[in-house]
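The structure under discussion appears below in the form of structure tokens.
When reading the values below, keep in mind they use all heavy atoms of this one structure, side chains included, and skip hydrogens, waters and symmetry mates.
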Protein chains: 2
Amino acid sequence: MEKIISEAAEKLKALDFKLTARREMTLRVLLENRDKHLSAEEVYNLVKLEAADVGLATVYRALELFQELGLIRAIDFGDGRKRYEYGIEDDSDLHHHHLICTKCGRIIEFNVDLINEIESRIKREHNFTMTSHQLKIFGICSECSGK
Amino acid sequence: MEKIISEAAEKLKALDFKLTARREMTLRVLLENRDKHLSAEEVYNLVKLEAADVGLATVYRALELFQELGLIRAIDFGDGRKRYEYGIEDDSDLHHHHLICTKCGRIIEFNVDLINEIESRIKREHNFTMTSHQLKIFGICSECSGK
DNA sequence: TTGGATGCAAAGCCTTTGCATACCT
DNA sequence: AGGTATGCAAAGGCTTTGCATCCAA
């Protein structure tokens, strides 16, 4: 994790941004909750545990910055707010998707490589150059189907 | 299209809703703009052309109703508002996805059947029963890549 | 000291809701 | 008549912005 933080610091510095204490806390919260898909306010509440006087706007601004730098991703699960997850668009992460339970809202991580075959097709048929993709699968999770 | 309208009317009536003039206009706007992914406000403006005194709330309420009945779908392309498209979840529609140009925002319809193989896998690995899915592919469209 | 970073409060946007009125059966 | 549908305005919820202050290089 320290490696990720210092790499982030370099990435920011390269663009004349600073990895300030507040920004680092924000990033750490996301790293420590990789599978939780926190909303901005949830991130804010966790950052506040270590920096009680942090402002909500600061967290929003940090999240936007990280997103622009490609350190984190915003996802919309349809509940009216953005949710964030750490994730660089590298190979290991390319096939990371989500199962969304429409009954309880649970989000389950899921990996599948479905894109290789598609990428060449959309290039050929639409001359569209894919940079990233999102697959969301809606349905009923095992907990809810038992009830 | 008239067939779709009358089927919608029946579907509503079965649940004690009425396909009023306003609701029908709203549905027609969506049918006539199937590939446009209109926002609520855009739908509202189009409905207003025929019913100048329609209220925005009425359109919102109609959209919500149609969505609950499964006549239309709401999609989020990341621009801060919901967009709507007509589409029953039938077989012909199951493989309908979107290419989203991150430069100009253009949305391109795209069909691919990637789900059959996946469905059994998520059932086996996660005991998750899929009901629907969304695939969004981000990248650069042919218009923008030329520039 | 100088420009970015931050906190606070206000403003913005999209969407939903309350309520009185209008409509249809 | 009775309940649904509607318009209008207000309220809500999430996010962004303005501005004065703070901070670090």
Checklist outcome for this item: Nucleotide by nucleotide, nucleotides 10-25 of chain D touches protein heavy atoms under 4.0 Å in the pattern (B base, S sugar-phosphate only, - none) ----SBBBB-------

Checklist entry - A:D53 and A:R22: salt bridge (charged side-chain N to carboxylate O under 4.0 Å, His left out), yes or no, with the steps? => result CA-CA 10 Å; A:D53 63 334; A:R22 256 100 237 249; 3.0 Å; yes

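- In terms of modelled atom types and a separation under 3.5 Å, the side chain of B:T129 and the main chain of A:G139 share no donor-acceptor contact.
- When rounded to the nearest whole Å, the span between CD of B:E68 and P of C:dT16 equals 10 Å.
- Atom-to-atom, CG of A:L65 to C1' of C:dT6 comes out at 14 Å; the value is rounded to the nearest Å.
- Whole-Å rounding puts the A:L19 CG to C:dG4 P distance at 17 Å.
- Checked against salt bridge (charged side-chain N to carboxylate O under 4.0 Å, His left out), A:E2 has the following partners two or more places apart in sequence or in another chain: A:R28.
- For B:E68, the side chain to side chain contact (heavy atoms under 4.5 Å, CB included) test picks out B:E64, with sequence neighbours left out.
- With rounding to whole Å, A:K13 atom NZ is found 15 Å from C:dG4 atom C1'.
- Near DNA chain C, meaning a heavy atom under 4.0 Å from it, residues 20-34 of chain B has no residue at all.
- Ring pair B:F110/A:H126: centre-to-centre distance below 6.0 Å.
- Sorted by first and then second residue, the ring pair (Phe, Tyr, Trp, His ring centres under 6.0 Å) pairs with a member in residues 2-23 of chain A form an empty list; sequence neighbours excluded.
- Between B:D53 atom CG and D:dA5 atom P there is a gap of 17 Å when expressed in whole angstrom units.
- Nearer to the 5' terminus of DNA chain D, by closest-nucleotide assignment, is the contact made by B:D16 (compared with the other of B:V54 and B:D16).
- Rounding to the nearest 0.5 Å places CD of B:E125 at 12.0 Å from CD1 of A:I108.
- Straight-line distance from the CD atom of B:E42 to the P atom of C:dC14: 10 Å, rounded to whole Å.
- Taking the six-membered ring where the residue is Trp, the centroids of B:H133 and A:F138 are separated by 6.0 Å or more.
- Under 4.0 angstrom from either OP1 or OP2 of C:dA5 there lies no side-chain N or O belonging to A:T58.
- Legend: ring pair (Phe, Tyr, Trp, His ring centres under 6.0 Å) pairs involving residues 38-67 of chain A, not counting sequence neighbours: none detected.
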